[in-house]
Amino acid sequence: MMNAAKGKIPGPQGGIEIKKTICSICNPDSHCGVDAYVKDGKIIKVEGTRANPHSGGILCPKGAAQRQYVYNKDRLMYPMRRVGERGSGEFERISWEEAYEIIGERLRGYKDKDGAQSVCFFSGFAKWYRMGLMRLASAFGTPNYGTESSTCFRATQLCWKLVFGAGTQPDFENAGLLVLWSKNPAYSQFYQSRLIFDRLEQGMKMIVVDPRNTPMTEKADIHLKLRPGTDGALALSIAHVMIRDQLYDREFVEQYTWGFEEYKDYVREFTPQRGEALTGVPAELIVKAAHMYASVKPAAMMVSASPVVHHVNGVQNYRAVMMLIGLTGNFDIKGGNVVTPYGYCYSSSFVKTNERAFEGERYDGIKGIGEEEFPVWFRLIRDEVQAVRIPDYVLKREPYGLNAIVGFGLNHRMWPDSNYMLEALKKVGFFVNTELFMTPTCRYADLLLPACSSMERREIKVYNENYLICSEAAIEPLGESRNDMEIILELAKVLGLDDEMLGMTYDECMDFLLRPAGVSLEELKKHREGMYAPVICPHEEQAYKKEGFRTPSGKMEFFSQVLSDYKGREGYDPLPVYRTPYEVYPHLSPAEYPLILSSGCRKPQLVHTRCYRMPWLTGLEDTSLADIHPEDAGGLGLAQGDEIRISTPKGSLEAHANITRAGQKGVVFLYHGDPQRDPNELMDKDYLDPISGFPGYKSFVCRVEKKGEESYE
């Protein structure tokens, strides 16, 4: 018995039980299956669930460090009320009943005084409860429901809608060629990289577009190593070659596209030579990639959630990239880019759920945050506001003021010029945050509500393999923490909202979600490791031939009719016009700031700021490094590990030089999520894409100086 316990062998001899749950530390497209070994009510070990067809027993470093996440010293355990100045971190413990009473009283008061729109509901990470929070906001009567997708994914979705009217997924399991465009699944989605590597061994070709060397570029037949933010120029140059050399799919273009002649005229100027000058990619590689993508059939393109749209010309850049799918005739065919229905919680699958029915419609009785500035966002992304403008509504109170923010995982570091958002949190009338950890943002809250992790709750998960699971709670919630959805349902009660959905119990909500999938909650619980959905939506290949595209023209649009409705607005060109940051923001000086700062590079062991509190992960390598090309380092007199100062027109931060050829000359790369070196603090709050409102995180101007040799002006 003692040996069984020491060896962490499950069974009655050692008192160890395995709970079938999921890891939700990173994006909802992953959420790997977890076998949590539990003894005496505590997790003692975690392994991947081998029977889970999505993750196949694999855990990335983040998932393997699950115990340091769950039992972290920073965990919030009890509802807390601020007793000191905002930012002091001085709180006192209160009961849930007291917390709910305070929230109900304050929010009803603001609604009576200044209208429901003076209250904003916001979701950060994670995302699983968002259907409930959106419905809560709508039932309360405010249009102001926003999420961290205001800087992640939604702009990419906007591009899909502008070009095709719907998003697609790459069917690389049947593809002869995979184009990976600014995506590195080896670091962000392990399950995908495993499948891709298998396909490469079976003979699939691969083109990778990435400004850095990655595990994926090492496997590529062609690596197009472009300068950050020049994706549009590269895509237009590839299109130039395809059209010039008569490689494009003439039948698809002539029958199913809109505005091709105008597009064709525009791409004439993007010769491979000009493409090389703009992107840094050799002209001969542009030609080679164009011929390979156009000739290998079928070919699939895998794009990322946000890197391409994290530029001030991001929407136009991604539109140009996505148009290549139609130009090659790879739209909605086996082995190409297949139109998939909207899945559950941001994951695509052919399993239908009642998520959209639960969400309902965003309240639109009054204009939401950012609606006047970003009209296309509100026309096509109807279910949430553009949250980057939240601090303006607090501090400027134009066109109206925000009095209260109800946050779930709100992190001020998401915003460009994150200190500006912090200033808004200091000034807003009332701020409540629901969180797992005591974060720097939480220090500014009036009330803190403790959330539990995925190890401490049951949760419905729908994988893109059409596989379902109702995860088990491995342990009881720590302290008095609660699951986010249960908190939302309780808030609906204290706010006196008469809403059928919000009046359900949590189990009733999950059962309602599952109905279209053909299984009840009780039945799904019996399948501890999950099951394939009994009912899936049939997919009709190339349905557009009968139904058309969900665009104004009913066709794939090279020339956007939506954008043409806003003729005269800066950056709203109907064609995918390419602009550099210096053209969009001419006041930026390359003479004073000669380097490009690109933030958001990913480490496989880290995602967001949450992981930086886990010693197993931060101890794997130095997190203070800024990647600098050897030629730039030589010009600056830098050696490996030197302390440096990175400065922008907004401010500066310190780091250590990591001299590497992983990037390219003229670019400094900083990694994502490090709270000690937050590059978002160095970016102006208005450095945004004019269509989506997305910040230009991946290409901003900077200069680098060796610490002690700075030249202050």
Side-chain angles (χ1 to χ4, degrees), residues 156 159-172 175-183 205-210 220-224 226 230-254 256-260 262-264 266-268 270-272 275 278-279 281 285-304 307-309 313-333 335-339 549 551 555-560 575-578:
T156 297
C159 298
W160 283 119
K161 289 189 173 186
L162 287 168
V163 178
F164 295 109
T168 75
Q169 289 294 317
D171 180 19
F172 59 84
L177 168 70
L178 176 64
V179 180
L180 269 181
W181 201 295
S182 288
K183 187 177 179 71
K205 301 290 185 182
M206 186 165 70
I207 298 170
V208 178
V209 182
D210 200 299
D221 294 273
I222 300 174
H223 176 198
L224 303 177
L226 75 172
T230 62
D231 303 78
L234 178 60
L236 293 167
S237 293
I238 290 173
H240 171 98
V241 175
M242 290 180 177
I243 295 171
R244 181 196 69 188
D245 296 349
Q246 298 292 302
L247 300 171
Y248 67 96
D249 189 315
R250 189 178 296 273
E251 179 184 356
F252 181 87
V253 167
E254 290 179 353
Y256 303 111
T257 69
W258 179 271
F260 177 69
E262 295 95 327
Y263 170 77
K264 179 180 177 180
Y266 180 63
V267 302
R268 276 199 182 98
F270 287 88
T271 63
L278 291 169
T279 70
V281 177
L285 272 188
I286 294 175
V287 174
K288 184 178 179 182
H291 277 254
M292 180 179 286
Y293 185 24
S295 61
V296 178
K297 301 288 186 178
M301 180 185 289
M302 181 182 287
V303 301
S304 56
V308 174
V309 286
N313 201 52
V315 167
Q316 299 291 27
N317 284 351
Y318 235 161
R319 284 180 65 216
V321 171
M322 292 172 181
M323 288 172 185
L324 297 176
I325 297 168
L327 197 62
T328 56
N330 282 300
F331 181 76
D332 207 21
I333 63 170
N337 281 75
V338 179
V339 176
F549 292 78
T551 60
K555 298 183 175 183
M556 174 204 156
E557 294 193 354
F558 289 106
F559 184 98
S560 170
L575 291 170
V577 172
Y578 174 71

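Evaluation of the side-chain hydrogen bond (donor to acceptor under 3.5 Å, both in side chains) test over residues 231-243, restricted to residues two or more places apart or in two chains, returns Trp181-Asp231, Ser182-Asp231.
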Name each donor-acceptor pair under 3.5 Å that joins a side chain in residues 320-333 to protein atoms two or more places apart or in another chain, with its distance.
from   : atom 1 : to     : atom 2 : distance (Å)
Thr328 : OG1    : Leu324 : O      : 2.9
Thr328 : OG1    : Ile325 : O      : 3.1
Thr328 : OG1    : Asn330 : ND2    : 2.8
Asn330 : OD1    : Ala299 : N      : 3.0
Asp332 : OD1    : Val339 : N      : 3.0
Asp332 : OD1    : His539 : NE2    : 3.1
Asp332 : OD2    : Gln542 : N      : 3.1

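Annotation: side chain to side chain donor-acceptor pair (under 3.5 Å) contacts of Trp258 (sequence neighbours excluded): none. Listed by chain and residue number, Arg250 satisfy the salt bridge (Lys or Arg N to Asp or Glu O under 4.0 Å) test with Glu254 (two or more places apart in sequence, or in another chain). Residues passing the side-chain contact (heavy atoms from CB on, under 4.5 Å) test with Lys264, sequence neighbours excluded: Ile243, Phe260, Glu261, Arg268. Partners of Tyr266 under the ring pair (Phe, Tyr, Trp, His ring centres under 6.0 Å) rule, at least two apart in sequence or in another chain, are Phe270. Partners of Ser304 according to the side chain to side chain donor-acceptor pair (under 3.5 Å) rule, which considers only residues two or more places apart in sequence or in another chain, are Tyr318. Remark: Thr230 engages no residue in a side chain to side chain donor-acceptor pair (under 3.5 Å) (not counting sequence neighbours). For the side-chain contact (heavy atoms from CB on, under 4.5 Å) test, residues two or more places apart in sequence or in another chain that qualify with Ala300 are Pro170, Ala175, Leu178, Asn337. Applying the side chain to side chain donor-acceptor pair (under 3.5 Å) rule to Asp171 yields the partners Asn174; only residues at least two apart in sequence or on another chain are considered.
The environment of Lys297 atom NZ is dense: over 12 non-hydrogen atoms of other residues, nucleotides or ligands sit within 6.0 angstrom.
In this structure, Asp221 contributes its side chain and Ile207 its backbone to no donor-acceptor pair below 3.5 Å.
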